[in-house]
Structures are given as structure tokens and as C-alpha cells.
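The chains referred to below are lettered A, B, ... by the order of the sequence lines, with proteins before strands, and numbering in each begins at 1. Below, all heavy atoms of this structure are taken into account, side chains as well, without hydrogens, waters or symmetry copies.
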2 protein chains.
Amino acid sequence: MSENQNIRVAVDAIVFGYQNNQLYVLLIQQKFGTNDSYWALPGGLVQIDESLEDAVKRELKEETNISVNYFEQLFTFGDDVFRDPRNRVISVAYFALVDSSKLKVKADSDAENAQWFKIDEVPALAFDHTIILRKAMQRLKAKLTYEPIGFDLLPKEFLFSELENLYCTILEKEIDRRNFRKKILSFEIIEETDHFSPIKSGRPAKLFKFNKQKYNALLKKGFHFEIKFA
Amino acid sequence: MSENQNIRVAVDAIVFGYQNNQLYVLLIQQKFGTNDSYWALPGGLVQIDESLEDAVKRELKEETNISVNYFEQLFTFGDDVFRDPRNRVISVAYFALVDSSKLKVKADSDAENAQWFKIDEVPALAFDHTIILRKAMQRLKAKLTYEPIGFDLLPKEFLFSELENLYCTILEKEIDRRNFRKKILSFEIIEETDHFSPIKSGRPAKLFKFNKQKYNALLKKGFHFEIKFA
DNA sequence: TATATTTGTGTAAATCTTACGCATTTAGAA
DNA sequence: TTCTAAATGCGTAAGATTTACACAAATATA
């Protein structure tokens, strides 16, 4: 077997955020010397003594100074043998979600060239990152319908209308507000709080929160989260 | 960035087969010199100028001489920094399905140390392959319920009872034979053939076949395959 | 000819989904 | 103060789907 295989291993992160009926993705500016700079997904080479997950977390910390709410491996991209084969890189992509409180914080550390982009205003990206982003979008859409990951894009306490709009926005579907509420409530995994939200107009709405313990308990009993649409 | 990262990239394949109400997995015998031989998933190092998918297909051909019906990336395992870090390997695992006609063919080429194991008679495996196999099982169970991959484990023409038993066996659930048939037929993605099966006893049964074209056409119109159980 | 076995079809009850109606609570305008 | 617009919260009837069965049909074998 070829001892000098010499393929390098990188990790990339697709970090989604959500605010005001808009989905965002976190990008960094590649510094290719002078002005020929592309936007790219945060990421970089894995160090010899760290796990893949540790590598992503380290890169996210270094490049964007962000910690995420949800995190999972997405896919490994490594079929672009087209580029210089002497410099081949495969990339293990990770999919992550943060809540809106993270969207403002930016210029903390050396994360100065990190920036949030609205999902339909993403510029041309470096390497195969556009393809990776597309795959991440697919995963987000799919997973939203069969796992309660929407809550990881919202503040700890949120309005039903926010949850509802999140689903409408990301899945690009119409939902009946009342049926949606009934469905979610029937799962008994979110709870009313005593708090009300500062509102713009209309009847004041209760804030709700996701009870993760309860969800995990139900999971063991065979519960299956699922939101369908017409 | 560290130029001498020196992580090697391997691919592994989890190939499932099905016959007589039994799920099988394809393993190869590692030749570690003398008698200290472990069973392992087929796989090996990726060559510098081949894609990940090509690498799996090549290894499968070399080690087991099998071609598969279904094929997708499963997961990338690379967190065992525990082993000698100077010799670190990450493994991109692929999930594959073959039909029962492939289960017999074995000693064709240099595939002499490849062997099918019943899923609950799998021996201790090399490396982290037991963990990989467990993850593949989860994927198989999940995917069986929301994509029509069961057909890739059966002959081109099959009995309804075979399909039904496949679901019962792999998902370890009881199904009502009549409701299952109705459900599958309602999708209109399988078709009756003129052929009947040579049977052991009871009323002769028609053979059916999966119409992949029709399935793909329906997919575009928003169709969603789904089998649920009590 | 009777029996065991498996296939193929149907149907009623229960459950879940869908499409709405409407009262409630607030801010702000008249 | 009253009216209106906007959004929340609750309910209900019709439709669709799932579930739990009953039973006839076709074959091999005893």
C-alpha cells in the first residue's frame, strides 16, 4: 500500500443562524495575499492529534469565535481530483446551528473577517463550498421536519409565531398557523413560560421553551417528531 | 499550516445482503501475517488520483468481486486519535446493498477471504468496524422506512411476502400483511408481472417488480415514500 | 375429498389531518 | 372613549389515513 499517499484532511463548518424571518450562514474571508479574496466556509486542516470534531470547534473558535447549539457531521467531500493531485485535500463538512443571540457578536477576537450572509445573498464561494452549502441546506430542510432542531435556531424563549415563521421561511411552504400550533403542542415537548414578549401590535403572546429532557425521555419510548406540510 | 499533516485516508464498505429472512453483511479476512487474523469490512487506502467513490468500488472489486445495487456515503470515522498518531487513518464509510443473487458468488477472483455473515453472527471486527457496522444498521433501518431501498435487497422480481418479511426482519416489527400490501400498492411504484413463483405450499403468488422510472417521476411531483409501523 | 397453507380483496371503526370560524387582547387612530 | 387593525388562542366539522379484522380463492398433500 502506498505509504506516501499524501492526501490532506480538512474540516469545514456550515453554520446557520436565523433572525427576522431570514436564514443566515456564517462565512469567512480567505486572505489570498492581496485582493483576490474569496468568501469561504470556516474551516481548515485537521491537526494530527485532534479529533475531527475538535478540529471544527477549534477552527470555529479561531476564525469566528462562535460556539454552536447544534452540531453534526454532514458529508465528506473529496472527489475533486481535478485540482492539483499533488495537493489533494478532502474535506469533512459539519453542519451547525446557532441562535440569534450569536448573530451580532462578531468582532470579538481575530474573527474580524467573519460575516453573516443572508442565505439568498451568499456570494460566489471558494473551492467546492457552494456545493457543500447546497447539501447543508438540504439537510437543514429535511431535518427540520423530523427532528426538533428548529429550536436551536431560536432564542431559549420564543413565540409560537417565530417558530411558525421559521418553518415557513426555511421550508418555503405555507402553514396553517392553528394546525401547526396544535401539532407542536400535541408533542408535549415545549412549555409555556410566565413571560410575555414585547410586541409590535396585536394580542400579547406567551413565550415558550423547548424541554429537551422531556424530548429525550419520549424518544426512548419510541416517540417520533414529525412536521408535515400539504 | 502544517505541511506534514500525514493523516491517511481510507474507505470502507458496509455491504448488506438479504436471503431467506436473514440479513447478511459482507466481511473480509485481514491477513496480519500469521494466525492473528481479524474479520473486517472491505476497504483500503484511497489512491491519490481516484475519487472516494472510485476507491470503494475498486476495493470491493479487488477484495470481494462484487458490484452493488445501491451505494451511498455513510459517515467519516476519524476520531480514534488514540492509536499511534504517527499512523493516523480516517475512514470514509460507504453503505451498500446487493440482492440475493450476489450472495452465493464468492470464490471468483482473489476474493477468497470474503464471506457473508448473518447479521447476528458477526464476529469481533478489526479497528472500529463494529461501531461502523452499528451505524450502518441504523441507516438501513431508517432509510427502509422513507426510501424504497428494500427492493435493492431483493431479486428483480419478488413476492409480496418476501418484501413484507424483509421489512419485518430488518425492522424487527410486526406488520399486518394486508395493510402492508395495500400501502405499498397505493404508491403505484411496483407492478405485477405475468410470472408466478415456484412455491412450497398455498395459493401461488404473483411476482412483482419495482418500477424505478415511475418512482423517480413521482419524486419530482413531490411524492414521498413512507412505511410506518405501530 | 378433506385439510393445511398462503394469497388476494374488502370493510368498518378509530385516529389523524385539514380547513376553517371566531372570541380575545393589545396598540393606535378617530 | 370608541373603533379598528393586528395578532393570539381555542374549537369543531369534514375529509383522509391507518388499523384491525373477516373471509374467499388457489394450490399441495394427506
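Counting only heavy atoms from C-beta on, A/Arg203 has its side chain closest to C/dA23 among C/dA23, D/dA26, D/dC21.
Each of A/Arg177 and A/Ser201 was assigned the nucleotide of DNA chain C with the nearest heavy atom; the assignment lying further toward the 5' end belongs to A/Arg177.
Residues A/Tyr18 and A/Thr169 come closest through the heavy atom pair OH-OG1, 3.7 Å. The two residues B/Lys183 and B/Ile227 come nearest to each other via the heavy atoms CG-CD1, 4.2 Å.
A/Phe151 and A/Phe210 have parallel rings, their planes meeting at less than 30° on a 0 to 90° scale where 60° marks the start of perpendicular. Under the 30°/60° scheme for interplanar angles, the aromatic rings of A/Phe225 and A/Phe187 are found to be tilted.
Between B/Phe180 atom CZ and D/dT17 atom P the separation is 18 Å, expressed in whole Å. The distance from atom CD of B/Glu226 to atom P of C/dC16 is 15 Å, rounded to the nearest whole Å. Nucleotide C/dA19 holds its C1' atom 15 Å from the CD1 atom of A/Ile175, rounded to whole Å. Rounded to whole Å, the distance from CG on A/Asn179 to C1' on D/dA14 is 13 Å.
Taking every heavy atom of residues 181-191 of chain A and every atom of DNA chain C, pairs under 4.0 Å involve A/Lys182, A/Lys183, by number.
For B/Lys143 and B/Tyr70, the positive end is not near the middle of the six-membered ring at less than 6.0 Å and at most 45° from its axis.
OP1 or OP2 of D/dT8 sits under 4.0 Å from a side-chain N or O of A/Ser161.
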